[in-house]
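Nothing fancy with the numbering, it's 1 onward along the sequence. In listed order, ligands and their atoms are each counted from 1.
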Amino acid sequence: MDAFQYAMPTKVYFGKDCVLEHREQLAAFGDKALILTGKSSAKKNGAQKDVTTALESGGVRYVVFDGVEENPSYETVLSARELGLKEACDFVIGIGGGSPMDAAKSVACLLADPDLDPEALFGTDPLDYVPIVEIPTTAGTGSEVTQYSILTLHKKQTKASVPQQIFADAAFLDAKYMLGLNNTVTVNTAVDALSHLIEGYLAVKANFFSDCLAEAGFRAFADCIAPLRAGDYSLETREKLLLSSTLAGMVIAQAGTSLPHLLGYGLTYFKGVPHGRANGILTPAYLRLFGDSPKIAKLLCLLGFADLDALAAFLKEVLAEPEVFTEAELKQYTAIAMENPAKLGTFPRPLSESDVYGLYAESLLHA
Ligand code: NAP
Ligand code: ZN
């Protein structure tokens, strides 16, 4: 067996009302919290109220930055940093989908040293960061247990993970926050979690532990396939989706994501295709690139699909028709993807520009 390492430093609390049940632990991270959220969902689903109640009970002050947009930009991170420094916040809490959780991680780096040039976020020198608490309200990204903070970089016309390793100190997982999530966001985020399980399981950096976590994630996800087809979600299904998403986060924290994520960034940046949906549209063609693979046979079996066509049919059913793209657009996205050799290197063999374009074309021109 190949040698490997495993580390996952985030303390995970799972279960209904876990924020209030563990209010003392949440309030112990500092004296004043910078709470990052999206526009409105954290207020509507009760997560923000649980957090502020927990903080108030421990005498901890807080300020809320509710301006994190989907696919958060570097500029948004800078605005949140400004508020955090002005208010002398000494820890951050991200509440929401991957967007507020990812923004919270980058902001945590920029609050640790008020004199730091924010561009240091993109340097290779590891930065300190203030304590981070993450509270997911979608079941998709697993950002609560990954070291990644993915930002939209307008200068580069794409999204990219900042080259820092930023793990949250604690994650509170309560599926009750997802009960009001509409079917479209539920499907898109669930497909994101599935793509993490698949890409991490097949990536060259997969190891024994990440495979164990991925296989547990596929089993949990299998129980959610019928509810996803029906668009009908009980609390138990929401919990299984959340478990598979967090397990998937633990997998990509070790093994990384691969081609659907790299190629999906182009669809999101230029056409606004939601992140998970973009990955799902590209997944069948990505899997076909492997040819015969015992690991693909195993993951299909764990998910309960007879073959790859059955998985592709499920994705097509829940995601419906892909958006319309031209050859010229796909060539442009291919050229941008070719500038990321690290991500291309997660595939087990070298890929040419025509392999990458072919993956786009099979998914979007000949689907
Ligand atoms: P998101 O962009 O965080 O949120 C999508 C939408 O869902 C927003 O409109 C949000 O509303 C709404 N929403 C969130 N929770 C809700 C709830 N409980 N009820 C109702 N609406 C809710 O979506 P996401 O798919 O979770 O995150 C995508 C981002 O995560 C992308 O930027 C992606 O690149 C990143 N990502 C990160 C990692 C990682 O490891 N760090 C992995 C994969 C993806 P509000 O704006 O009002 O909150
Ligand atoms: Zn993802």
Query raised in the report: Can you tell me if His196 has a non-hydrogen atom under 4.0 Å from ligand 1?
Result: yes
Query raised in the report: Measuring from the heavy atoms of Gly276, does anything fall under 4.0 Å of ligand 1?
Result: no
Query raised in the report: Which word best sums up how the rings of Phe172 and His22 line up, parallel for under 30°, tilted for 30 to 60°, or perpendicular for over 60°?
Result: tilted
Report task. Determine whether Leu359 and Phe290 fall in the same hydrophobic cluster, where Ile, Leu, Val, Met, Phe, Trp and Tyr are linked whenever their side-chain heavy atoms lie under 4.5 Å apart. Result -> yes
Requested in this report: Would you give the angle at the Zn ion (ligand 2) between His275 atom NE2 and His196 atom NE2, to the nearest 10°?
Outcome: 170°
Report task. Among all protein heavy atoms, pick the one closest to atom 8 (C) of ligand 1 and tell me residue, atom and distance. Result -> Glu70 OE2, 3.4 Å
Query raised in the report: By atom name, which N, O or S atom belonging to Asp192 lies closest to the Zn ion (ligand 2)?
Result: OD1
Query raised in the report: Given Ser73, Pro136, Ala42, Ser99, which one has a non-hydrogen atom that is nearest to atom 3 (O) of ligand 1?
Result: Ser99
Query raised in the report: Phe65 versus Val107: any side-chain heavy-atom pair under 4.5 Å?
Result: no
Query raised in the report: Of all the atoms in ligand 1, which lie at a distance below 4.0 Å from a heavy atom belonging to Val185?
Result: 7 (O)
Requested in this report: Take atom CD of Glu75 as the centre, draw a 6.0 Å sphere, and report whether it contains more than 12 heavy atoms from other residues, nucleotides or ligands.
Outcome: yes
Query raised in the report: What do you reckon, does Pro100 put a non-hydrogen atom under 4.0 Å from ligand 1?
Result: yes
Query raised in the report: Heavy atoms, side chains only, cut-off 4.5 Å: are Leu315 and Val191 in contact?
Result: yes
Requested in this report: Out of Asn71, Thr189, Thr138, indicate the one that has the non-hydrogen atom closest to atom 26 (O) of ligand 1.
Outcome: Thr138
